[in-house]
**Student:** 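Please read through the structure below; I'll follow up with questions.
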Amino acid sequence: DRTLPRDTIFLAQTPQAPQPPLVLERIFSPWVAAPDYKIADVDGDTGQLAGAYVGRLLDNTLFIGGGFYWLVNGDHGEEMRYGGLLLGWSMPAGRIIRFGGRGLVGFGTATLGTDVAFGRDVGVRDRGRPLPPQPFRYLASDDFFVFEPQLNATVQVIPHVGVEFGGGYRVTGATDALEHRLNGVSGSVAAQLTW
């Protein structure tokens, strides 16, 4: 018979709690496509632009894609087209509403009318008075760089379909003829489809 020393301590083994099983959840990163309609300031006038954007909403937060827009109400040969890379983010504000922002960075081309007044020959008179200058209109074309930031709010109407409202400002650069005539505020509405 062996006796244990008096200072021996017995440690009782406590059973360990069962570990929960490891669960892998798929990150929701849907594809997004949207026909888009903009009312925008173009050369100090109200322009209507149609277009679309498509891309991927990574982790339901970061948007990476591209977009393209063109002026649909140009008069007498006036036109504008631009497109490029579209980057953005969004976050839910409840079950059916999302807020976010994005920016388009790219290139475009535009043709706008320019009015010039030419003076008439001083020898030509109407009832003793010189005739006023004759207005003349010509079209000026230019290529440009564009950056268009925008804030958005999206309302989910039914699963996979939402309506997006946005407001932004178009900034252009690297122009020769049209300078700041292409800059302007814009408001948009889009039908957003996700899958």
Side-chain angles (χ1 to χ4, degrees), residues 16-43 45-74 79-110 143-175 178 180-195:
Q16 291 188 356
Q19 296 292 327
L22 182 63
V23 177
L24 297 176
E25 291 187 14
R26 185 177 175 203
I27 295 175
F28 187 54
S29 297
W31 286 95
V32 179
D36 200 358
Y37 173 76
K38 292 179 184 273
I39 296 287
D41 179 17
V42 178
D43 195 21
D45 203 357
T46 302
Q48 300 177 45
L49 293 102
Y53 64 87
V54 64
R56 192 95 188 250
L57 188 59
L58 302 175
D59 197 13
N60 214 20
T61 303
L62 176 65
F63 182 83
I64 300 175
F68 184 78
Y69 299 90
W70 66 94
L71 184 67
V72 295
N73 68 328
E79 58 184 18
M80 181 172 71
R81 298 181 300 277
Y82 65 93
L85 176 68
L86 203 55
L87 298 174
W89 61 271
S90 67
M91 58 186 228
R95 294 180 56 208
I96 63 170
I97 298 176
R98 297 182 69 83
F99 291 105
R102 66 171 179 259
L104 183 143
V105 178
F107 297 94
T109 184
D143 296 326
F144 58 90
F145 167 81
V146 62
F147 172 57
E148 189 172 34
Q150 180 172 312
L151 294 176
N152 311 312
T154 306
V155 179
Q156 185 176 347
V157 181
I158 58 175
H160 306 290
V161 178
V163 177
E164 180 186 73
F165 303 94
Y169 190 84
R170 184 179 56 259
V171 179
T172 61
T175 60
L178 300 179
H180 303 293
R181 296 173 62 189
L182 302 172
N183 298 346
V185 297
S186 65
S188 67
V189 60
Q192 195 177 80
L193 311 173
T194 60
W195 69 94

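The shown structure was predicted, so the numbers you read here are calculated from the model rather than taken from an experiment.
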**Student:** Any heavy-atom pair between the side chains of L193 and V161 that's under 4.5 Å?
**Tutor:** yes
**Student:** Tell me, do L58 and I64 make a side-chain contact under 4.5 Å, heavy atoms counted?
**Tutor:** yes
**Student:** Quick one, M80 and T109 - any side-chain contact, counting heavy atoms below 4.5 Å?
**Tutor:** no
**Student:** Report the distance from atom CG of L71 to atom CG of L49, rounding to the nearest 0.5 Å.
**Tutor:** 5.5 Å
**Student:** Are a donor atom and an acceptor atom from the side chains of D36 and Y53 found within less than 3.5 Å of each other?
**Tutor:** no
**Student:** Nearest 0.5 Å, please: how far is CG in N183 from OG1 in T172?
**Tutor:** 3.5 Å
**Student:** State the CZ-CG distance between F68 and L104, to the nearest 0.5 angstrom.
**Tutor:** 10.5 Å
**Student:** What's the spacing between D41 CG and D43 CG if we round to 0.5 Å?
**Tutor:** 8.0 Å
**Student:** Which residues pass the side-chain hydrogen bond (donor to acceptor under 3.5 Å, both in side chains) test with Q156, not counting sequence neighbours?
**Tutor:** none
**Student:** Enumerate the residue pairs fulfilling side chain to side chain donor-acceptor pair (under 3.5 Å) with a member in residues 81-107, sequence neighbours excluded, ordered by first and then second residue.
**Tutor:** E79-R81, Y82-E148, S90-R98, R102-E164
**Student:** Between T61 and D59 (side chain of the first, backbone of the second, donor and acceptor by atom type, cut-off under 3.5 Å), is there such a pair?
**Tutor:** yes
**Student:** How many angstroms lie between OG in S188 and OH in Y37, if you round to the nearest 0.5 Å?
**Tutor:** 11.0 Å
**Student:** Decide yes or no for V42 and Q48: does some side-chain heavy atom of the first lie under 4.5 Å from some side-chain heavy atom of the second?
**Tutor:** no
**Student:** Indicate the atoms forming the closest heavy-atom contact of A40 with S186, along with that distance.
**Tutor:** CB-CB, 3.7 Å
**Student:** Does a side-chain heavy-atom distance below 4.5 Å link F145 with V171?
**Tutor:** no
**Student:** Determine whether L62 and L57 make a side-chain contact, defined as any pair of heavy atoms from C-beta on separated by less than 4.5 Å.
**Tutor:** no
**Student:** Kindly give the heavy-atom pair with the smallest separation between R56 and S29, and that separation in Å.
**Tutor:** NE-O, 2.7 Å
**Student:** Can you confirm whether R170 sits close enough to Y69 that some side-chain heavy atom of one is under 4.5 Å from a side-chain heavy atom of the other?
**Tutor:** no
**Student:** Does atom CZ of F107 have more than 12 heavy-atom neighbours from other groups under 6.0 Å away?
**Tutor:** no
**Student:** Using the ring-ring contact (aromatic ring centres under 6.0 Å, His included) criterion, which residues pair with F99? Sequence neighbours excluded.
**Tutor:** none
**Student:** Identify the heavy atoms of F63 and G65 that sit nearest to each other, and give their distance.
**Tutor:** CE2-N, 3.9 Å
**Student:** Hey, does H160 have a side-chain heavy atom less than 4.5 Å from the side chain of Q192?
**Tutor:** no
